[in-house]
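A quick write-up on the structure given underneath.
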Amino acid sequence: MTNAIFDTQLSSTMQWFLMGISLSFALASIFVIACYRRKMFRQLNELKLSQKSLEFALQSGRMGTWEINLENDTVKCSNEMLYIWGVNPNEFKGQRSSLQSKVHPEDLEKMRTNIDIAIQNEALFEMEYRIFPFYGVERWVVSRGQYTFAPHTKRPIRFSGVVYDITEKKLKEEELKAAIKIRDQFLMMASHELRTPLTCMQLQLQVAEWDLKHRFPEAFTYDRIENNIKKNNQHLSRITRLIEQILDESKISQGRLIMLFEQFDLNEMVIDLIEQYKVTAEFSGVHVIFTPGPKVEGMWDRFRLEQVFLNLLINGIRYGNKKPIHITVNSKDKMALLSVRDEGIGIRPEDQKRIFERFERANHDKEVNGMGLGLYIANRIVADHGGEIRLQSEYGKGSEFTVVLPM
């Protein structure tokens, strides 16, 4: 009887013990599962954050991803890829042809060739090409991709990679190429224009040196010395003008052309400059006609407007066929008008806008000197005064340039 009671108590204790172990194991399992789920939830959140960061990076870098299934010719694209291509993600049906139709026709055949080469060589595909995401809009992109082959074969089944929008890069490259071209053109023209007067002065000095050794003093008459001085002064003036134009062009390009305004009369400025360049005009056989009128005063930069007038005057002397140059100053509707008219070769209608651009000239005769900067600089100076330069010309009959300035 005692043994039976003991066995019953032992059995009951074991049951409670086993139940306790089972309960502990269950609680431990629940705790482990909870911890695991918490870890998984945290990792899932981190994964979502990483995915958002990746999407943001792709959008910021103008980069999209793509994957082509070569077995059914469908394509999967990221939203950024579709945005670059100008395709609405909600309307895209995974058709490869709808993307290829936007590739520039000149680049499409080259793309197919490069794809074939990549398959044959099991190499990375990379190519820059143009697309038309919208009508009239051209973008440059670069694609990089690689093939996935079927196991144990050389049969490509997938083609995946990334695409970058490089339009801004291409535009900057084109701007840089244009700037380099302009710089080279500028340096070539500047060196040529500076070399001409320097060569003339060098030749005159060599002749004078020879005369000093072999024909002194009979070669050094008053008239000859005076003539040489005039010529050298002309050469120096030309060199000075060229250097000033080079410096002004640089200032205009950098937006550093400074204006210093003062009150003065245009008639007075014209009289002073005609007197200064009287010798140049007479030496060129040109008669300058100017009859001062009523005062035409305004707040302008005198030094810069002197540059403008001298450029127009020198152009008149240069292209005027040695005929008279007519200068007038007047005003109308609170606008000052300064006109320089010649009776020379004139300017063709198709050239009349072009001559105000940098490095452009109406006459390309090699005997006519100049870098094609004068009218460009003059036009910018007048524009900075709030005015304009008007041109009336008939080819073969002469030209009239009128500077219009607010008073």
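Numbering of residues begins at 1 and proceeds along the displayed sequence.
Taking CD of Glu122 as the start and CD of Gln120 as the end, the distance is 11.0 Å to the nearest 0.5 Å. From Ile166, atom CD1 reaches atom CZ of Arg139 across 12.5 Å, with rounding to the nearest 0.5 Å. Interatomic distance, Gln307 CD to Leu273 CG, rounded to the nearest 0.5 Å: 11.0 Å. Rounding to the nearest 0.5 Å places OG1 of Thr148 at 10.0 Å from CZ of Phe159. The distance from the NE2 atom of His104 to the NZ atom of Lys110 is 12.5 Å, given to the nearest 0.5 Å. To the nearest 0.5 Å, atom CZ of residue Arg158 and atom CZ of residue Phe149 are 13.5 Å apart.
When all heavy atoms of Pro133 and Lys102 are compared, the closest pair comes out as O-NZ, 3.0 Å. Considering every non-hydrogen atom in both Ile131 and Val141, the closest pair reads CD1-CG1, 4.0 Å. Minimum heavy-atom separation, Pro89 to Leu82: CA-CD1, 3.7 Å. Across all non-hydrogen atoms, the minimal contact from Gly86 to Phe134 is CA-CZ, 3.6 Å. In terms of heavy-atom proximity, Leu124 sits nearest to Gly145 at CD1-O, 3.2 Å. The shortest non-hydrogen separation linking Trp210 to Arg215 is CZ3-CD, 3.4 Å.
Without hydrogens or angle criteria, Trp85 side chain to Leu99 main chain gives a donor-acceptor distance under 3.5 Å. Distance alone, capped at 3.5 Å, is enough to place a donor-acceptor pair between the Trp300 side chain and the Pro406 backbone. In this structure a side-chain-to-backbone donor-acceptor pair under 3.5 Å is missing from Asn121 to Ala123. The backbone N or O of Asn228 lies less than 3.5 Å from a partner atom in the side chain of Asn232, making a donor-acceptor pair. Side-chain N or O atoms of Asn267 include one that pairs as donor or acceptor with a backbone N or O of Gly293 at under 3.5 Å. Thr113 places a side-chain N or O within 3.5 Å of a backbone atom of Glu109 that can act as its donor or acceptor partner. Put simply, the side chain of Ser78 never gets that close to the backbone of Gly64: no donor and acceptor are under 3.5 Å apart. For the pair Asn72 (side chain) and Thr74 (backbone), a donor-acceptor distance under 3.5 Å is present. A donor-acceptor pair under 3.5 Å links the side-chain atoms of Trp66 to the main chain of Val162, judged by distance alone.
Residues Phe303 and Leu260 are not in side-chain contact: their nearest non-hydrogen atoms beyond the backbone lie 4.5 Å or more apart. Side-chain atoms of Leu338 and Leu305, non-hydrogen and from C-beta on, never get closer than 4.5 Å to each other. Proximity of Ile327 to Leu313: side-chain heavy atoms (C-beta onward) are separated by under 4.5 Å at one or more points. No side-chain heavy atom of Met63 sits less than 4.5 Å from a side-chain heavy atom of Glu80. Side-chain contact check for Leu337 versus Val329: every heavy-atom pair is 4.5 Å or farther apart. Looking at heavy atoms from C-beta onward, Leu171 lies out of side-chain contact with Glu168 at the 4.5 angstrom threshold. Residues Ile84 and Tyr164 fail the side-chain proximity criterion, which asks for heavy atoms closer than 4.5 Å. Inter-residue side-chain proximity for Arg224 and Asp211 is flagged as met; some heavy-atom pair is nearer than 4.5 Å.
A salt bridge links Asp73 and Arg96; the closest N-O separation between the charged side-chain nitrogens and carboxylate oxygens is under 4.0 Å. Between Glu173 and Lys177, no side-chain nitrogen of the basic residue sits less than 4.0 Å from a carboxylate oxygen of the acidic one, so the salt-bridge criterion is not met.
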Quick one: side chains of residues 385-393, donor-acceptor pairs under 3.5 Å with protein atoms, not counting sequence neighbours, listed by atom name and distance.
unit_1: His385; atom_1: ND1; unit_2: Ile381; atom_2: O; d: 2.9
unit_1: His385; atom_1: NE2; unit_2: Asp301; atom_2: N; d: 3.0
unit_1: Glu388; atom_1: OE2; unit_2: Arg390; atom_2: NE; d: 3.0
unit_1: Glu388; atom_1: OE2; unit_2: Arg390; atom_2: NH2; d: 3.1
unit_1: Ser393; atom_1: OG; unit_2: Ile347; atom_2: N; d: 2.8
unit_1: Ser393; atom_1: OG; unit_2: Gly398; atom_2: O; d: 3.1
unit_1: Ser393; atom_1: OG; unit_2: Ser399; atom_2: OG; d: 2.8

- Report the C-alpha separation of Asp107 and Arg130 in whole Å, then their side-chain angles, then the decisive distance to 0.1 Å, and conclude whether the salt bridge (Lys or Arg N to Asp or Glu O under 4.0 Å) test is met. CA-CA 7 Å; Asp107 297 333; Arg130 294 160 290 177; 2.9 Å; yes
- How far apart are the C-alpha atoms of Arg380 and Ile377, what are their side-chain angles, what is the distance that settles it, and do they pass the side chain to side chain contact (heavy atoms under 4.5 Å, CB included) test? CA-CA 5 Å; Arg380 290 296 297 267; Ile377 293 171; 5.8 Å; no
- Could you please spell out the steps behind the side chain to side chain contact (heavy atoms under 4.5 Å, CB included) verdict for Arg155 and Glu71? CA-CA 10 Å; Arg155 179 173 61 87; Glu71 295 182 323; 3.2 Å; yes
- Test Met335 against Lys332 for side chain to side chain contact (heavy atoms under 4.5 Å, CB included), laying out the working first. CA-CA 5 Å; Met335 302 296 286; Lys332 183 180 180 181; 5.8 Å; no
- Task: Report the C-alpha separation of Lys323 and Asp342 in whole Å, then their side-chain angles, then the decisive distance to 0.1 Å, and conclude whether the side chain to side chain contact (heavy atoms under 4.5 Å, CB included) test is met.
- Result: CA-CA 7 Å; Lys323 294 180 180 179; Asp342 65 61; over 6 Å; no
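Taking a 6.0 Å sphere around NZ of Lys169, one finds it holds more than 12 heavy atoms contributed by other residues, nucleotides or ligands. In this structure, Tyr395 places its OH atom where only 12 or fewer heavy-atom neighbours from other residues, nucleotides or ligands lie under 6.0 Å away. Residue Glu128 places its CD atom among more than 12 non-hydrogen atoms of other residues, nucleotides or ligands, all under 6.0 Å distant. For Tyr222, the OH atom is loosely surrounded, since the number of other residues' heavy atoms within 6.0 Å does not exceed 12. Counting non-hydrogen atoms of neighbouring residues, nucleotides and ligands closer than 6.0 angstrom, the OH atom of Tyr129 exceeds 12 such neighbours.
A cation-pi contact, defined as under 6.0 Å to the ring centre and within 45° of the axis, links Lys170 to Trp140.
A side-chain N or O of Asp165 and one of Thr167 form a donor-acceptor pair less than 3.5 Å apart.
Between Phe401 and Phe356, the two ring planes are perpendicular [angle over 60°; tilted spans 30° to 60°].
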